[in-house]
2 protein chains.
Amino acid sequence: MSVLALDIGGTTLKAALVDAEVRSDLRSSAPTRRGDDVVADAAALLAGLRDQAPASDPPQAVGVVTAGTVDGDAGTVRHAANLGWRDLPLAALLAERLGLPVGLDHDVRVGAAAELQAGEAQGDMLFVALGTGVGAGVITGGRAQAGAAGAAGELGHMIVRPGGPLCACGQRGCLEALFSAEGLRRRLAEAGRAEVPDLAVLPHHPDPVSVAIWRDGVQALALALHNATMLLDPARIVLGGGLSGWGETLLRPLRADLAAGLAWRSPPELALAHHGPEAGLHGAALLARNQLADTPLADVAHGGTARRPAAKP
Amino acid sequence: MSVLALDIGGTTLKAALVDAEVRSDLRSSAPTRRGDDVVADAAALLAGLRDQAPASDPPQAVGVVTAGTVDGDAGTVRHAANLGWRDLPLAALLAERLGLPVGLDHDVRVGAAAELQAGEAQGDMLFVALGTGVGAGVITGGRAQAGAAGAAGELGHMIVRPGGPLCACGQRGCLEALFSAEGLRRRLAEAGRAEVPDLAVLPHHPDPVSVAIWRDGVQALALALHNATMLLDPARIVLGGGLSGWGETLLRPLRADLAAGLAWRSPPELALAHHGPEAGLHGAALLARNQLADTPLADVAHGGTARRPAAKP
C-alpha cells in the first residue's frame, strides 16, 4: 500500500510516492514560495505524484511535515514566519484538494521519530537537524516530545556564548548564530570574507580565518550537546540536515570536544542520521501510514510517537 | 492506610509515617553517616516509626528516595559518591530488615512527580531542586524522565559560563559553581569574604560584593532555565530545595532575567514548589503507595511516573 509524503522546507518542497517498504520510488520538488502559493504548489506536487501511481496501488494517505509551530492533533500550522503562515488549517486544505486523509506535524520532530524507527530501539535520543537553522527532535521515554506549546527542540536558540554574536532571532550567543549555514555565512562575511566559500569545503579551506570560524562553530555545537546531555541523558545523538553532509570531518572534532567537556560521565553515542537530509520526508511517510489504522505503523501518532515504552508495573 | 517515607539527603536522613491523605504525622531524622552505617540508621529510623504507628493502622509499605544514580526498577543505587555507595541493593536490604515492600527512586525525579501531582495537570514541567547542589526533575509528556543511564536532570552541570569558575565536578562554568549553596559559599570565600554570611540573608547583605555574587548567580540560573526552556518548552518551572526559601526575593529578579533573555517566546510560568524543601519526602510517600496495587496512586511507578498521557489515536 503506497502513501504520499511532503516535506515543506524553507527553500524547497520535496514530495515522494512511497511504497510499502518505505522506499521513495517517485519524487518531485518545487521551490518554496510564500503564503497561499505554497498550499497550491504542495497540492499540485502531490496530485501529480498521485496521478503517476500505478493503478494497482494508488496512494491511500498523505503525510506532510513543515517547520514552524505545528499543532499535529489539530492539523494546523500555528505559525511559520518564513512561509507567511499563521493558524493555517493545512491538513484540512490538502485533504479537501486531494480527497485523501492528511497527517501533519513538525519536520524535525517527525524526522526524529523516523530516525528512532530506523535505528535500534532507543528510548532517549536527540535528533539534531543542522541546516539553514538548527532544530532538534527530543525523544524521551520512547516518545517525540512537542513541549507545552509545541515549541520544544529549539536547540539552535540555546545560548552557548552569553553576550556573543547577534542571532537572527534577536538573542545573543545562540548556537544558530555560531553554527548553522546562515550563521556561518554571516560570520564569514563579517570577518571580511566577502567571497564566502562553498560551505561544503569550508573545513578544508586554505584561509585559516575561515577555518577558525568553522572550528569555533563546532565548539559551540559541542557545548549545546553537552548541555542537552546533562538535561536529557540521551543514549544517542543523531545529526541530520544539510550540514551533516560534512560527515566524519564534523563528527571527529565534535566527538573530541564533547568528550573533553564532560568531566564525570561518558558522552552519548554520536552518529549521522540514517536518512541523511531526508529524515523529514521519511517522517512524513510514517505520518501518512499512521492515517491508515490497519498498518503496523499506526503507532506512529501525531506528535511523532514512534514506540511506546514498556508499561511500568 | 499508612506508609513510611524516607529521604536520604547528603546531611540528614528524614523519615515520616504518612497517613492516607499524604499528611506527615510522625517524623524522625538523623545525621547522614556513610556506607553501611546509612543503611543501619535508615532501617532504625523506619523501624522506630513503624513501632509508633497506631495498632489500628500499621504501615503497609516503604518509599525511599536518595541522590545519586538510582535504578528504581532494580531497587539499586548504582552510585552515590557522597554516601560511599556503589551497586547497593538498598530496596532489598531495607525490605528484609522491615518485612515490608520497599520502593526506591531518585530524590529529585520523584520530587518532580510529587509536584506534578500537587499542581494542576501539566504534561511538561521542570522541577528544580536548589540546595547544596542543583538538580532537576524533567517531566515530559506527563512522565518523569530518567534518561538512558538514569542520569537525566543534571541541570547543575549545564555549562552556563564557558571557561568560568571551576566546579567541584571538574568542569568549568557549571551552574552549580555559580548558584548553589556550595558554589555561593566558595565564591564568597574566594572574594575574601572570610566571614561568609548566612545564605538566608545574602540577598540583603550590606556588603555590595557579596550581593553582587548572589545576583551574578541568579543570572546564571536564568540562563540555565532559558536553555532548558528552549529544549523542553515546559509549561511551568517549579523551584524547590533549601535555597527556594528566598521566595519572592529570588523569583522577582529570576523572572525578569528569564523574560529579558527570551527574544521571541514568552517565558514558562515560574513558581515555588508546593511542598517546599519536602518534595522528596512527599515523593517517597507516593513511591510507597505505589507498592500497594490497590491504591489510586498505583500509577505513580518506579521512575517517578505520575500520570500517563492520554493514548494517542
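Chain letters run A, B, ... following the sequence lines, proteins first, then strands; residues in each count from 1.
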Out of curiosity, [X] [atom1] to [Y] [atom2], how far, rounded to the nearest 0.5 Å?
X	Y	atom1	atom2	result
B/E154	A/W264	CD	CH2	3.5 Å
A/L175	B/M230	CG	CE	12.0 Å
A/D233	B/Q145	CG	CD	11.0 Å

Using non-hydrogen atoms and a 4.5 Å limit, figure out which bit of A/H157 sits close to chain B: side chain, backbone, both or neither.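 The answer is both parts of A/H157.
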Which region of A/P234, side chain (C-beta onward) or backbone (N, CA, C, O), has a non-hydrogen atom less than 4.5 Å from a non-hydrogen atom of chain B, or is it both or neither?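 Backbone of A/P234 only, per the 4.5 Å heavy-atom cut-off to chain B.
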Heavy-atom side-chain proximity of B/Q171 to A/H226 below 4.5 angstrom: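 Yes. Closest side-chain heavy atoms under 4.5 Å.
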Got A/L231 and B/L231 here, is their nearest side-chain heavy-atom distance under 4.5 Å?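 Side-chain contact under 4.5 Å: yes.
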Determine the option with the most heavy-atom pairs under 4.5 angstrom with chain A, choosing from [options].
options	answer
B/V138, B/L262, B/L232, B/T140	B/T140
B/T229, B/L223, B/L126, B/L155	B/L223
B/P268, B/G153, B/A151, B/A224	B/A151

Under 3.5 Å, is there a donor-acceptor pair between the side chain of B/N227 and the main chain of A/M158?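 Checked: no pair found.
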What one should report as the nearest heavy-atom pair of B/A263 and A/C169 is CB-O, 3.4 Å
Looking at B/P162 and A/V160, what are the two nearest heavy atoms and their distance?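 Looking at all heavy atoms of both residues, the closest pair is CG-O, 3.6 Å.
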Considering only heavy atoms, which portion of B/R172 lies under 4.5 Å from any heavy atom of chain A: side chain, backbone, both, or neither?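 Interface part for B/R172: neither.
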